[in-house]
Amino acid sequence: AQDYCAMALLMLQFRAPEVLASHHARQWQPVFTTPIAGKTAVVIGFGDLGSAAGRAAHKLGLKVIAVTRSGKAGRPADAACRVTRIEAVLPKADFVIITTPLTPGTRGLLNRARLDLLKPAAGLINIGRSPVVDYEALREKLDKGELAGAVLDVHSPEPLPADSPLWTTRNLIITPHISCDDPRY
């Protein structure tokens, strides 16, 4: 999960979805970015998976804010907040990494209203569970250019059907649930 998160963060930072779209369209579209160090990653869920995501972000020089039920988190989090205060940290996020399990309290956690709190330059990574995020709202925001990009590793159903509109969503990279493929996890 740590290596996957590092790769996903770098893909979003270097706007890989946009670069790949230009590549497939055979268009020469230079894309320039700012340094990743000093940016902020909000990690929703800070168990084993979230801590691994936090370590990946921290190694890249990002500030890590953990969102947990208790509002507490150890290293590598630089700060933590309760999930009930998530609206306070989402506007600070350059990246949002979802690692939380699916529970009645996390289903739909990142709904349209909360996605609207994100900066247009923000990126989202979901390696937790797909029903935590309103994928239709996310798809619309990506297609309208209201979010910089997303990497989704979890889907419902899996495998993702060939006719899913996610396959053709602008600035989206889809991976087939491989973020935790190590059998020792």
Side-chain angles (χ1 to χ4, degrees), residues 1-13 17 40-60 62 64-74 76-77 79-90 92-118 122-139 141-142 147-160 164 166 169 171-185:
Q2 185 173 331
D3 291 343
Y4 181 93
C5 281
M7 174 203 61
L9 285 164
L10 290 170
M11 283 193 303
L12 290 175
Q13 172 62 22
T40 299
V42 172
V43 181
I44 302 172
F46 217 69
D48 289 342
L49 198 55
S51 293
R55 283 191 300 277
H58 214 257
K59 283 182 180 180
L60 293 170
L62 279 80
V64 176
I65 301 174
V67 177
T68 67
R69 285 181 300 202
S70 68
K72 298 176 184 169
C81 83
R82 288 181 182 269
V83 72
T84 56
R85 303 239 330 113
I86 194 169
E87 289 89 356
V89 296
L90 288 176
K92 298 175 184 179
D94 295 297
F95 304 97
V96 174
I97 306 171
I98 297 101
T99 65
T100 188
L102 182 61
T103 68
T106 63
R107 182 178 293 277
L109 181 65
L110 281 184
N111 57 22
R112 185 176 303 273
R114 287 183 174 138
L115 289 171
D116 285 344
L117 295 173
L118 297 174
L124 182 141
I125 300 165
N126 190 359
I127 61 173
R129 293 291 177 251
S130 63
V132 173
V133 181
D134 180 342
Y135 275 11
E136 180 57 24
L138 176 64
R139 187 187 67 74
K141 289 188 76 61
L142 289 166
L147 280 179
V151 177
L152 303 178
D153 189 50
V154 289
H155 313 279
S156 184
E158 287 186 358
L160 187 64
S164 170
L166 292 174
T169 299
N171 294 331
L172 175 63
I173 293 178
I174 294 171
T175 58
H177 206 149
I178 58 172
S179 60
C180 293
D181 58 353
D182 187 332
R184 295 170 294 177
Y185 179 73

message: So which atom in Ala93 and which in Val96 form the shortest heavy-atom distance, rounded to 0.1 Å?
response: CB-CG2, 3.7 Å
- request: Could you tell me which residues satisfy side chain to side chain donor-acceptor pair (under 3.5 Å) with Arg139, sequence neighbours excluded, listed by chain and number?
  value: Glu136, Asp143
Shortest non-hydrogen contact between Val154 and Glu158, atoms and distance: CA-OE2, 3.4 Å
- prompt: Mind checking what makes side chain to side chain donor-acceptor pair (under 3.5 Å) contact with Ser164, not counting sequence neighbours?
  reply: none
statement: Sorted by chain and number, sequence neighbours left out, salt bridge (charged side-chain N to carboxylate O under 4.0 Å, His left out) with Asp153 holds for none
message: So, using side chain to side chain contact (heavy atoms under 4.5 Å, CB included) as the criterion, who are the partners of Ala148 when residues are at least two apart?
response: none
query: Are any of the side-chain heavy atoms of Ile98 and Leu109 separated by less than 4.5 Å?
result: no
field: Pairing residues for Ala66 by the side chain to side chain contact (heavy atoms under 4.5 Å, CB included) criterion, not counting sequence neighbours
entry: Phe46, Thr68, Ala73, Ala77, Ala80
Asp94 side, atom CG; Leu118 side, atom CG - distance, nearest 0.5 Å: 10.0 Å
message: My understanding is that only one of Ile173, Val151, Asn171, Leu124 makes a side chain to side chain contact (heavy atoms under 4.5 Å, CB included) with Leu12; could you say which?
response: Val151
task: Look at the side chain of Thr103 and the backbone N and O of Thr106, then say whether any donor-acceptor pair between them is shorter than 3.5 Å.
output: yes
message: I need the Asn111 CG to Leu138 CG distance, nearest 0.5 Å.
response: 12.0 Å
- prompt: What are the two closest non-hydrogen atoms of Arg69 and Arg82, and how far apart are they?
  reply: O-NH1, 3.4 Å
task: Taking salt bridge (charged side-chain N to carboxylate O under 4.0 Å, His left out) as the test, write out the residues that go with Arg112, two or more places apart.
output: Glu140
message: Among residues at least two apart in sequence or on other chains, which ones pass side chain to side chain contact (heavy atoms under 4.5 Å, CB included) with Ile174?
response: His155, Leu160, Leu166, Trp167, Leu172
task: Calculate, to the nearest 0.5 Å, the distance between atoms NZ and CG belonging to Lys141 and Leu115 respectively.
output: 6.5 Å
field: Counterpart residues, salt bridge (charged side-chain N to carboxylate O under 4.0 Å, His left out), relative to Asp3 (two or more places apart)
entry: none
- request: Using the salt bridge (Lys or Arg N to Asp or Glu O under 4.0 Å) rule, collect all pairs that involve residues 123-134, keeping only residues at least two apart or in two chains.
  value: none
- prompt: Considering all heavy atoms of both residues, which atom of Val43 and which atom of Ala53 are nearest to each other, and what is their separation?
  reply: CG1-CB, 4.4 Å
- prompt: How would you list, by chain and number, every residue that makes a side chain to side chain contact (heavy atoms under 4.5 Å, CB included) with Ala56, sequence neighbours excluded?
  reply: Gln2, Cys5, Ala6
query: When rounded to the nearest 0.5 angstrom, what distance separates CG in Leu152 from OG1 in Thr169?
result: 8.5 Å
Set of side chain to side chain donor-acceptor pair (under 3.5 Å) partners for Asn126, sequence neighbours left out: Tyr135
task: List the atom of Val64, the atom of Pro76, and the distance in Å for their closest heavy-atom pair.
output: CB-O, 3.9 Å
message: Can you confirm whether Thr100 sits close enough to Val67 that some side-chain heavy atom of one is under 4.5 Å from a side-chain heavy atom of the other?
response: no
field: Interatomic spacing from OG1 in Thr40 to CG in Leu62 - rounded to 0.5 Å
entry: 7.0 Å
field: From Ser156 atom OG to Leu102 atom CG, the distance as rounded to the nearest 0.5 Å
entry: 9.0 Å
field: Nearest heavy atoms of Gly50 and Thr99, plus distance in Å
entry: CA-OG1, 3.2 Å
task: With sequence neighbours excluded, tell me which residues meet side chain to side chain donor-acceptor pair (under 3.5 Å) with Arg107.
output: none
